[in-house]
Novice: 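Take this structure first; my questions come after.
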Amino acid sequence: MKREDYINWDEYFMGIALLTAMRSKDPNSQVGACIVSPENKILSLGYNGMPMGCSDDEMPWEREGAPLQTKYMYVCHAELNAILNSAHNNLKGARVYVTLFPCNECTKAIIQSGIAEVVYYGDKYHDSDSSIAARFMFEHAGVRLTPYKPTGRRVELEL
């Protein structure tokens, strides 16, 4: 008889997005993304960080100050990194699991890439202009938004 307490696909892929977020060197926000095909195959992963070739030690990580002295002008978000990291030219119909609801800029990339569904964990900027614009674009583009619902169960493995 097979095990009955295994995790479902959403738990699996969000778990991978959460693990991927742990690669971020951002001292304030660690965000991860996992892009998955309609057949539940992982297509790409990404986390928020500085662009390739830009030393994490030489770039600013501050949240406040003059714009050029903060991280916001430089950091690549997890969703954009996952799209750019993909070896697949076609993400049409894919799902992206993200640990934080996408900003308006990542929303544009998600829509342009053909991703059909966004499964998101956190939504702490729900009322910000960026999130409102993102929802507006997702709705008009027909991208499905699914809040992730953790089950709260613990899975034990027999090793």
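Heavy atoms only: backbone and side chains are in, while hydrogens, waters and symmetry mates are out.
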Novice: Quick check for you: to the nearest 0.5 Å, what is the distance between Lys71 atom NZ and Met59 atom CE?
Specialist: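 With rounding to 0.5 Å, NZ (Lys71) is 13.0 Å from CE (Met59).
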Novice: Has Glu58 got a side-chain atom pairing as donor or acceptor with Cys54's backbone, closer than 3.5 angstrom?
Specialist: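 It does not hold such a pair.
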Novice: Are the side chain of Thr70 and the backbone of Arg63 linked by a donor-acceptor contact shorter than 3.5 Å?
Specialist: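 Absent.
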Novice: Applying the side-chain contact (heavy atoms from CB on, under 4.5 Å) test to Val31, which of Asn48, Asn81, Val75 qualifies?
Specialist: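 When side-chain contact (heavy atoms from CB on, under 4.5 Å) is applied between Val31 and each of Asn48, Asn81, Val75, only Asn48 qualifies.
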Novice: Among Cys103, Ser113, Cys106, exactly one meets side-chain contact (heavy atoms from CB on, under 4.5 Å) together with Glu79. Which residue is that?
Specialist: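 The single option meeting the side-chain contact (heavy atoms from CB on, under 4.5 Å) with Glu79 is Cys106.
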Novice: Please tell me whether Ile42 and Leu19 are part of a single hydrophobic cluster in this structure, the criterion being side-chain heavy atoms less than 4.5 Å apart.
Specialist: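 In one cluster with Ile42: Leu19, no.
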Novice: Group every Ile, Leu, Val, Met, Phe, Trp and Tyr by side-chain heavy-atom contacts under 4.5 Å, then state whether Val119 and Val96 land in the same group.
Specialist: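 Unlinked, Val119 and Val96 end up in two clusters.
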Novice: Which heavy atom in Ala82 sits nearest to a heavy atom in Ala33, and how many Å separate them?
Specialist: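 For Ala82 and Ala33, the tightest heavy-atom pair comes out as CB-CB, 4.1 Å.
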Novice: Hey, are the side chains of Met137 and Asn104 touching, using non-hydrogen atoms and a 4.5 Å cut-off?
Specialist: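 Touching, per the 4.5 Å side-chain cut-off.
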Novice: Among the clusters formed by ILVMFWY side chains lying less than 4.5 Å apart, do Ile110 and Ile35 turn up in the same one?
Specialist: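 Yes, because Ile110 and Ile35 connect within a single hydrophobic cluster, where side-chain heavy atoms sit under 4.5 Å apart.
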Novice: Any donor-acceptor pair under 3.5 Å linking the side chain of Trp61 with the backbone of Asn28?
Specialist: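 Between the backbone of Asn28 and the side chain of Trp61 there is no qualifying donor-acceptor contact (under 3.5 Å).
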Novice: Distance-only, no hydrogens or angles: does the Tyr72 side chain make a donor-acceptor pair with backbone N or O of Glu64 under 3.5 Å?
Specialist: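 No: the side chain of Tyr72 does not pair with the backbone of Glu64.
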Novice: Quick one: closest heavy-atom pair of Ala134 and Pro102, and the distance?
Specialist: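 Heavy atoms of Ala134 and Pro102 come nearest at CB-O, 3.7 Å.
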Novice: How long is the straight-line distance from CZ of Arg95 back to CG of Asn40, given to the nearest 0.5 Å?
Specialist: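 If we round to the nearest 0.5 Å, Asn40:CG and Arg95:CZ are 4.5 Å apart.
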Novice: Going hydrophobic residue to hydrophobic residue with side-chain gaps under 4.5 angstrom, can you get from Met14 over to Leu45?
Specialist: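 Hydrophobic grouping puts Met14 with Leu45.
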Novice: Regarding Asn85 and Ser44, is there a side-chain donor-to-acceptor distance under 3.5 Å anywhere?
Specialist: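 Not at all, the side chains of Asn85 and Ser44 share no donor-acceptor pair under 3.5 Å.
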Novice: If I take atom OG from residue Ser37 and atom CG from residue Asn90, how far apart are they, to the nearest 0.5 angstrom?
Specialist: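 If I round to the nearest 0.5 Å, the distance is 11.0 Å.
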Novice: A quick test of your reading: do over 12 heavy atoms of other residues, nucleotides or ligands sit less than 6.0 Å from OH of Tyr12?
Specialist: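 Open.
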Novice: Taking the side chain as every heavy atom from C-beta outward, state whether Leu100 and Tyr125 have any atom pair closer than 4.5 Å.
Specialist: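 Result yes, sub-4.5 Å side-chain heavy-atom pair found.
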Novice: If you round to the nearest 0.5 Å, how far is CD of Glu117 from OG1 of Thr146?
Specialist: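 Going from the OG1 atom of Thr146 to the CD atom of Glu117 covers 3.5 Å.
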Novice: Taking the side chain from Thr20 and the backbone from Ile16, do they hold a donor-acceptor pair closer than 3.5 Å?
Specialist: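 Yes; at least one donor-acceptor contact below 3.5 Å.
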Novice: Is there a side-chain contact (heavy atoms from CB on, under 4.5 Å) between Tyr47 and Thr99? Walk through the geometry before answering.
Specialist: CA-CA 10 Å; Tyr47 56 89; Thr99 60; over 6 Å; no
Novice: Measure the CD1-NZ distance between Ile115 and Lys92 for me, rounded to the nearest 0.5 Å.
Specialist: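 Rounded to the nearest 0.5 Å, the CD1-NZ separation comes to 12.0 Å.
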Novice: Do you know which two heavy atoms are closest between Met73 and Pro67, and how far apart they sit?
Specialist: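 Of all heavy-atom pairs spanning Met73 and Pro67, the closest is CG-O, 3.4 Å.
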Novice: Between the main-chain N or O of Phe136 and the side-chain N or O of Glu139, is there a donor-acceptor pair closer than 3.5 Å?
Specialist: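 Judged by distance alone, no pair lies under 3.5 Å.
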Novice: Return yes if some donor-acceptor pair links the side-chain N/O of Ser86 with the main-chain N/O of Ile83 below 3.5 Å, else return no.
Specialist: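 No; zero donor-acceptor contacts below 3.5 Å.
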Novice: For residues Pro38 and Gly93, report the shortest heavy-atom separation together with the two atoms involved.
Specialist: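 That closest heavy-atom pairing would be CG-O, 3.4 Å.
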Novice: Quick one: pull up NE2 in His126 and OG in Ser128 and give me the separation to the nearest 0.5 Å.
Specialist: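 Result: 9.0 Å between the selected atoms.
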Novice: More than 12 foreign heavy atoms under 6.0 Å from CG of Asp129: is that the case here?
Specialist: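 It does not: Asp129 CG has 12 such atoms or fewer within range.
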Novice: Do Leu80 and Val118 belong together in a cluster built from hydrophobic side chains that touch within less than 4.5 Å?
Specialist: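 Leu80 does not cluster with Val118.
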Novice: Parallel, tilted or perpendicular: which one describes the rings of Phe101 and Tyr120, with boundaries at 30° and 60°?
Specialist: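 Perpendicular, since the angle between the ring planes exceeds 60°.
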Novice: So, for Cys76 and Pro51, which heavy atoms are closest and what is the spacing to 0.1 Å?
Specialist: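 Looking at all heavy atoms of both residues, the closest pair is SG-CG, 4.2 Å.
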Novice: Quick check: do Val98 and Tyr148 have side-chain heavy atoms less than 4.5 Å from each other?
Specialist: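 Not touching, per the 4.5 Å side-chain cut-off.
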Novice: Does Phe13 CZ have over 12 foreign heavy atoms under 6.0 Å away?
Specialist: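 Correct, the count exceeds 12.
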Novice: If you look at every heavy atom in Glu62 and Gln69, which pair is closest and at what distance?
Specialist: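 In this case the closest contact between Glu62 and Gln69 is OE1-O, 3.4 Å.
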